[in-house]
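Following: one structure in structure tokens, then a few remarks.
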Amino acid sequence: METVKHNLCRQPPTYVNLITVLSIDGGGIRGIIAAVALAFLETELQKLDGEEARLADYFDVIAGTSTGGLVTAMLTAPNKDRRPLFAAKDIQAFYMDHAPKIFPQLRGAFGRIMKVLRSLSGPSYDGKYLHEVVRKKLGSIRLHQTLTNVVIPTFDIKRLQPTIFSSYEVKKKRNTMDALLSDICISTSAAPTYLPAHYFKTEDLHGNIKEFNLIDGGVAANNPALVAIGEVTKQIFKENPDFFPIKPMDYGRFLVISLGTGSSKFEEKYNAQKAKSWGVLDWLLSSGSTPLVDIFTRASADMVDIHIAAVFKALHSEQNYLRIQGTLSSVDVATKDNLEKLVNVGEMLLKKSVSRANLETGQMVPTCGDSEMTNEKALERFANLLSEERRIRQARSPK
């Protein structure tokens, strides 16, 4: 089979029928679960198109929140040869090498007490190592330089509203949103109670300065798939020629892979009997975790999945949407054993049947009538669709 010429620019969706979207949830060290799925997908693409194939070659937009935002940057930031800094297979090793230093663990009963006391007076982790490694890896690369379009949500606590970093908005006009990728990654990863909020400034070509006071994008969109679709829709409204003749509500044209990092399976971690007597400290720290953070990140991710599942079902396009959801676990227990367990979770998840959101309960349930369609098989199918899509674009493009 003739291999794809990966030195060519990714062609826009003008020339074909599909808009391709990859979305990666937040979830701290649970991002390693998504990394396993990403490595599998990229390997399947390499079987079809050669060893140089990278995910950024196939997706019109890659969206990521928190740890997913960091993975998004790793997949799309260019090296000196204008190829992705990281292959998908390298992301797992990044977590294994760096997560224990980003989230250093205090062991034993004394360690647990110290962790509780520290969380009452400030973030559980100072973020210094995270800042250092992100700045080292991403250097001076800015948002407009990504190899494909990216969408990374954050939340501005000074203005009390989401701040969405979208490369669509800075590719041609280098405005004050054209921040360093390192600042964007540090911001979207600044989970409340875990890591400190991030402040930085940008300046555009005309000397205009913008200040940012940002925390974790999971506050706004822990599952950023809908934000990514929204950014594409905005471009259609703005008559971006890359999307002609696609219509604003033509969601049937989207091909979406959404990777979660926490299960929607019902768990009795909290209940009303416990919570009815909770005060502020209990809502911030109970049962060894942070209930408010758990609640808003789970609610954000699940509501997005329910909405997208309903839309794709209404459009008879369910086969164009794949949601892979992992098993719930801690976001910061970065011991070697736990990280290896998360790798195993990711590998086992590939063997599980494809699931979709039940529109009545919101729970993830196996798809009916196709018990042999595993997540692994579904990713193989999507790899074939993505490869064919790219070939058609290159064949039809005047470039």
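Atom set for the values below is all heavy atoms of this structure, side chains included, hydrogens, waters and symmetry mates excluded. Worth saying up front: this structure is predicted, and the values here are computed from it rather than measured.
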Ignoring hydrogens, what is the shortest heavy-atom contact between [X] and [Y]? Give both atom names and the distance.
X	Y	answer
Phe59	Thr20	CA-OG1, 3.2 Å
Val227	Ala221	CG2-CB, 3.7 Å
Arg323	Ser258	NH1-OG, 2.7 Å

Could you verify whether a donor N or O on one side chain and an acceptor N or O on the other, from [X] and [Y], lie under 3.5 Å apart?
X	Y	value
Thr65	Asn222	no
Thr146	Arg142	no
Tyr95	Thr67	yes
Gln235	Glu169	yes
Asn149	Ser167	yes
Glu211	Tyr199	yes
Asp216	Tyr194	no

Requested in this report: Classify the angle between the aromatic ring planes of Phe254 and Tyr251 as parallel (below 30°), tilted (30 to 60°) or perpendicular (above 60°).
Outcome: perpendicular

Query raised in the report: Mind checking whether Phe200 and Phe212 have parallel, tilted or perpendicular rings, split at 30° and 60°?
Result: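 It falls in the parallel class, under 30°.
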
**Report entry** Qualifying residues under ring pair (Phe, Tyr, Trp, His ring centres under 6.0 Å), relative to Phe312, sequence neighbours excluded
**Finding:** Tyr321

Query raised in the report: With respect to Val232, which candidate in Val61, Asn240, Val151, Asp242 satisfies the side-chain contact (heavy atoms from CB on, under 4.5 Å) definition?
Result: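 Of all the options given, the one that passes is Val61.
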
